[in-house]
Amino acid sequence: MKKTFTLSVFTANKAGLLHRVTTGFTRRKINIESLTVSESEIPNIHRYTIVVHLEEENVKRLVVALEKQIEVHKAFYHGEEDVVYQEIALYKIPSGVIVHGGLAEKIVRQHGARMLAAEPKFTVIEKTGHAEEIEALFKELEPFNILEFTRSGRVAITKPMRELREYLEELEMAAAN
Amino acid sequence: METLTATKSKSKKKKTERIHGCEAVVRCLLEEGVDLMYGYPGGAIMPVYDELYKYQDQLQHVLVRHEEGATHAAQGYARASGRVGVCIATSGPGATNLVTGIADAMIDSTPMVCITGQVPKHLLGSDAFQETDIIGITMPVTKWNYQITKASEIPEIFAKAFFIAKSGRPGPVLIDITKNAQFDELDFDYTPCTKLDSYVPRPPVKEEKVKEAAELINNAKRPYILFGQGVILSQAEEELKQLVEKTGIPAAWTIMGLSAMPTNHPLNVGMLGMHGNYGPNVLTNECDVLIAIGMRFDDRVTGNLAKYAKQAKVIHIEIDPAEIDKNVKTEVAILGDAKEAMTALLPHLKKNSHKKWHQKFKDCDKEEYEKVIKGETEPTDGELTMGEVIRDLNDLTNGDAIIVTDVGQHQMIACRYAHFNKTKSNITSGGLGTMGFCLPAAIGAKMGAPDRDVIAVIGDGGFQMTIQELGVILQTGVNVKILILNNEFLGMVRQWQQLFFDKRYASTEMVNPDFQLLAQAYGIKAQRVSERDQLGTALKNMMEHDGSFLLEVMVGKENNVFPMVPSGAGVADIRLE
Ligand SMILES: Cc1ncc(C[n+]2csc(CCOP(=O)(O)OP(=O)(O)O)c2C)c(N)n1
């Protein structure tokens with residue numbers, strides 16, 4: 001059965017590494033639902049947060065295959081229950097009736113969003129949340145003509161308490177074998 | 001900032017020398033003990049070639065006739081010698097011509113370092129002449145690759161490359177060097193790499209796993225060992241022998257593991273897989289404990305996984321964590337080097353002989369002999385068979401030669417029937433099945449093991465895929481015996497067409513050139529035989545000839561390789577006819 005999994009892949013900070021990580025997906029024809037690359041809590045270690053929709057046994061194989069890459073230090077996968085996550089979306093709408101009539105403010109308040117920029121011609125609304133919440137706001141704003149829309153990939157924090165540092169120390173010890 | 005840095009040993013700082021990048025490349029190779037490499041020059045790598053000219057007394061460069069040949073020669077060299085194979089090419093087409101050999105080395109875990117020239121840094125991404133993104137292209141088929149754009153990076157990257165290629169599960173590494181980095185100067189200082197962040201080449205063997213495995217093995221009624229190339233790569237041949245002899249467990253091999261245990265060892269029960277032996281396949285589904293050592297349950301070995309060893313508890317001794325549970329679910333996985341794991345396992349194992357269980361293999365052997373082997377290796381009339389050629393060859397080599405094979409029927413026949421006494425004697429393209437592998441790999445094997453006889457057993461199809469490497473024989477005088485088993489067909493494909501496509505022989509019939517004339521053109525002595533009574537003498541002539549020799553044996557055009565596990569079938573459904 002396919003489920004949604006969040007992968008956290010920790011790598012060296014290197015040019016070309018994104019390609020190496022994604023070939024792991026390409027060659028297995030696994031679609032990446034979203035991908036975010038950022039720094040991690042450890043200097044010079046990058047964190048890839050990747051969302052996939054896959055059977056668990058295939059996620060397992062994917063993660064060990066990713067970990068096998070020389071510059072991938074460690075990779076994990078977590079089910080939805082094991083991550084705390086958010087996405088961020090920006091909506092650009094015309095600063096017409098909706099804004100001046102106060103309707104926009106109402107919608108923004110109802111959805112726990114905020115006005116990020118208000119220009120004479122357009123207004124940018126920001127919403128942080130889960131995919132469904134971002135979509136709900138999209139639906140609501142749609143009649144007012146969304147000029148531009150963008151949404152980030154998922155950023156996620158995992159619930160288990162073991163720190164990456166400990167995993168890396170363990171690898172250090174094993175490598176000294 | 002890079003985090004992945006080679007850990008430098010704490011020894012006092014060596015004096016550096018100011019040299020050019022191109023010279024540094026050659027010096028790095030010398031530091032790694034390389035004395036032989038294969039390649040083909042071109043614009044973007046010319047500065048390095050200029051240095052190779054200067055250093056030719058210390059580092060021999062063998063000029064191949066196509067860059068693919070360089071990779072297979074480097075593979076053959078690596079597999080015969082146990083050292084890292086090295087090849088070099090120019091940018092663009094030179095680099096892309098390496099790809100097949102790199103993919104082959106990747107899937108067959110062969111340590112190889114490939115060096116490619118690249119356009120100068122300022123031209124990267126501009127579609128410059130002979131620019132190709134070889135880093136992007138080879139990413140999925142290399143264990144690691146890196147583009148050097150500054151001369152100062154050269155020593156550290158070469159040190160890493162060699163360490164990565166040969167450590168853990170070996171594999172190919174590619175280093176792409178822009179032309180400016182070859183011309184620029186650097187302060188040269190070489191420190192071999194021994195460690196990389198988070199890279200665990202040899203996971204430490206866990207004692208509790210060893211004990212769990214030992215308990216399963218000691219209590220097993222019908223235990224069965226499958227071994228692969230991991231035994232050869234970790235130099236664990238002696239440990240395997242001890243383990244098998246102490247426990248009396250029958251042991252079968254994958255074609256990559258072939259020669260890790262002598263053919264005539266009484267506990268060596270034969271070949272696994274699609275064209276493997278009958279008993280080893282059928283009894284996979286009767287054993288109670290399956291002990292896989294340094295093998296990866298390739299689909300050519302397992303057939304249909306849903307019908308593979310479902311009754312057995314599986315122990316997997318494997319260095320690569322990504323192989324554990326990939327295809328076959330394990331009961332106990334011992335992650336680590338095969339030699340280390342077997343050394344740890346040995347003292348826990350009880351002596352046994354498993355006489356009754358062995359009898360089952362013997363019974364199967366008898367059936368296979370009657371139905372397949374006898375006709376294949378001891379025919380008395382009709383056309384020559386590939387099997388009798390290998391049988392006669394065994395009489396001459398006594399099992400001491402290195403047999404290099406290409407891909408197809410002759411490969412399966414050679415693996416099935418050739419005798420081996422020594423390890424690292426069977427060199428073939430197992431995982432990728434690359435036609436054209438044999439001739440250049442045989443050249444590399446002879447150079448990697450100059451004291452041994454090297455025989456290239458090759459089909460008429462595959463021979464013509466890298467036939468131009470005869471030029472290397474001409475130019476270097478390397479002594480390789482070329483044994484063409486000519487069925488005037490792309491035999492293995494024809495066999496499938498016969499069995500599964502109603503004999504529609506679509507594009508598998510070959511009109512071949514006169515191979516003897518061709519050999520002569522390259523200064524290689526040659527002979528052709530098609531008669532049974534001439535075969536023995538012809539093979540003897542070939543082996544006794546002082547220098548390379550091409551022997552073309554005309555064999556039955558429409559012979560098939562049996563037994564066979566049809567694709568999609570389980571190992572127990574192996575067909576004897
Ligand atoms: C590069 C490449 N192309 C195609 C194939 C598919 N293939 C596998 S075996 C075979 C026939 C080989 O014929 P030949 O070299 O004459 O050997 P034979 O099977 O007759 O012994 C072919 C075409 C392959 N393995 N490699």
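In this text, all values refer to a predicted model and were calculated from it rather than measured experimentally.
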| task | Quick one: closest heavy-atom pair of Leu171(A) and Ser198(B), and the distance? | result | CD1-CB, 3.8 Å
| note | In terms of heavy-atom contacts, Glu172(A) and Lys195(B) come closest through OE2-NZ, 3.1 Å
Crowded around [X] [atom1]? As in, over 12 foreign heavy atoms under 6.0 Å?
X         : atom1 : answer
Arg162(A) : CZ    : yes
Glu39(A)  : CD    : no
Lys339(B) : NZ    : yes
Lys159(A) : NZ    : yes
Arg27(A)  : CZ    : no
Arg300(B) : CZ    : no
Glu105(A) : CD    : no
Glu148(A) : CD    : no

| task | Determine whether Arg169(B) and Lys68(A) make a side-chain contact, defined as any pair of heavy atoms from C-beta on separated by less than 4.5 Å. | result | yes
| remark: Cut-off 4.5 Å, heavy atoms of chain A, and the answer for Asn145(B) is both
Atom [atom1] in [X], atom [atom2] in [Y]: separation rounded to 0.5 Å?
X         : Y         : atom1 : atom2 : result
Arg61(A)  : Asn327(B) : CZ    : CG    : 6.5 Å
Ile135(B) : His19(A)  : CD1   : NE2   : 9.5 Å
Ile70(A)  : Tyr199(B) : CD1   : OH    : 4.5 Å
Gln69(A)  : Thr142(B) : CD    : OG1   : 7.5 Å

| said: Does any backbone or side-chain atom of Val63(A) lie under 4.5 Å from a heavy atom of chain B? Answer side chain, backbone, both or neither. | reply: neither
| message | Determine whether a donor-acceptor pair (N or O, by modelled atom type, separation under 3.5 Å) exists between the side chain of Arg20(A) and the backbone of Met139(B). | response | yes
| Looking at Pro201(B), Gly136(B), Gly168(B), which one has more heavy-atom pairs under 4.5 Å with chain A than the rest? | Gly136(B)
